[in-house]
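All residue numbers refer to positions in the sequence shown, counting from 1.
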Amino acid sequence: MFSDPNVQDVIVIGAGVIGISAALALQADGRKVTVLDRQDSSPRASDMNAGAFAFADIMPLAAPGIMRKAPKWLLDPLGPLSVPPAYAFKILPWLVRFWRSSLPDRYQKSLVAQASLMTLSQEALERLISDTSADELIRGDGQLQLYESEQEFQASLPGWELRRKRGVSFKLLKSAEEIADIQPGIDSRFSFAGFTPDWINTCDPAAWLSHLTAAFRTRGGNVIEANATQLRSTGNGVEIQSVNGTHFASQVIVAAGAWSHHLVKTLGETIPLETERGYNTTLPATDFDLKTHLTFPGHGFVVTRINDGIRVGGAVELGGLKFPPNYKRAEILLEKARSFLPGLDSKTGKQWMGFRPSLPDSLPVIGHSSKDKRVIYAFGHGHLGLTQSAGTAELVRALANKTQPIIDLAAYSPDRF
């Protein structure tokens, strides 16, 4: 495919779930792939997320009316959406773009694009599970979205109608008794809910990523620890500078998550990527019998099974990559979980904070760099990286091999900003 023996076929920058999924997809077409992995001992978002394949979550975060709620949330430093005061000025241009994306016409376009990517990703995940023999890592326990009041439930109904139009199966529940039939032990203040029975989770997102990485290596893939710092176009390939040396490839896939925009800038391109800092606490095995994935949308967090334990996490803190973690946010979520699930033993647990790369219209960037078509971007999935990883991988494969993508990629173009 290329004549220079020093130039590799494809290099994927990023060994998270997006990068490894893309590497596997490219391998399936006979491409020789190397993955560059950041040298960082801390668990990444691909390892420590809630483990949900949230295909039913088709509504972009940047939705009409969101800015009416945002000031109240932003004033609460421990609420579901917060910005550290010292970061507020820096993030202001991103928030303006976020507001514009919530305008009805733009929101509708983002909704269609989000739903399309979800449909593809669900189908692609089934192919990936079969291809890598990963059935034992998947559990289909469904999901309950829980509402504290009839007013909150009524406000959610347009969203459920959108799901219905997109073919999402669900049942609306209007009593604590109906909810208890699916999940006993929830405080009776939650008397309204929506149940999505086809919702699936991985038993452990870290084990899922490890399984995919092992499959990639078994098939001849190579993972190298190297912090990529710069991209440069050359006549015979793309040069990647790292703290460990220089790499060359005929094609480069940038899937470096929350660090991706720094690499993009070295090519002379700017993409408004911000960081959703997510918090969670993982509890060891407990007597609380969690039967389904629980979502508390009014409070911005979830409760889910991870192996034999329980993970409580969520919320959005727009605080970039450098501010120290505020683990009080994880403690607040755990206190709420204890209140909402009175039988939950939450005395001990492991706290974590991770970076979720987010763009103002709630859609990822999937497409060629405008500066060098040999570079393909695949990042910015926010809290839906695991969910959309298999679909994104198939789109990257089409772009890299110059075949027709299964869905229109205009909405995910790097040029849209």
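One side chain, K336 or H299, offers a donor N or O that lies under 3.5 Å from an acceptor on the other. Counting only N and O atoms by type, the side chains of Y107 and S101 include no donor and acceptor under 3.5 Å apart. In the model, H261 has no side-chain atom that pairs as donor or acceptor with a side-chain atom of E269 under 3.5 Å. The closest side-chain donor-acceptor pair between Q122 and Q388, if any, does not fall under 3.5 angstrom. Between the side chains of Q8 and T34, at least one donor-acceptor pair of N or O atoms lies under 3.5 Å. The closest side-chain donor-acceptor pair between Q351 and Y279, if any, does not fall under 3.5 angstrom. Side-chain N/O atoms of Q143 and T295 include a donor and acceptor closer than 3.5 Å. Using modelled atom types, one finds no donor on one side chain facing an acceptor on the other under 3.5 Å when comparing R277 with S358. R31 and N401 share a donor-acceptor pair across their side chains, judged by distance under 3.5 Å alone. A side-chain donor from one of N201 and T304 sits under 3.5 Å from a side-chain acceptor of the other.
Under the 4.0 Å criterion applied to side-chain N and carboxylate O atoms, R219 and D131 are assigned as salt-bridge partners. Salt-bridge annotation for D141 and R305: present, with a side-chain N of the basic residue lying under 4.0 Å from a carboxylate O of the acidic one. Taking a cutoff of 4.0 Å between a charged side-chain nitrogen and a carboxylate oxygen, D361 and R416 qualify as a salt bridge. Using a cutoff of 4.0 Å between basic side-chain nitrogens and carboxylate oxygens, R127 and E394 are scored as salt-bridged. Note on D37 versus R44: salt bridge recorded, some NZ/NE/NH1/NH2 to OD/OE distance being below 4.0 Å. Under 4.0 Å is where a charged nitrogen must lie from a carboxylate oxygen, and between R338 and E335 no such pair does.
With contacts defined as side-chain heavy-atom distances shorter than 4.5 Å, the pair F190/F296 qualifies. Considering only heavy atoms from C-beta on, D57 stays 4.5 Å or farther from T387 through its side chain. Considering only heavy atoms from C-beta on, K350 stays 4.5 Å or farther from T281 through its side chain.
In this structure, the side chain of H211 engages the main chain of T132 through a donor-acceptor pair within 3.5 Å. The backbone N or O of G142 lies less than 3.5 Å from a partner atom in the side chain of T292, making a donor-acceptor pair. Remark: the backbone N or O of A115 is paired with a side-chain donor or acceptor of T119 at under 3.5 angstrom.
For R163 and W160, the positive end sits near the middle of the six-membered ring, less than 6.0 Å away and at most 45° from its axis.
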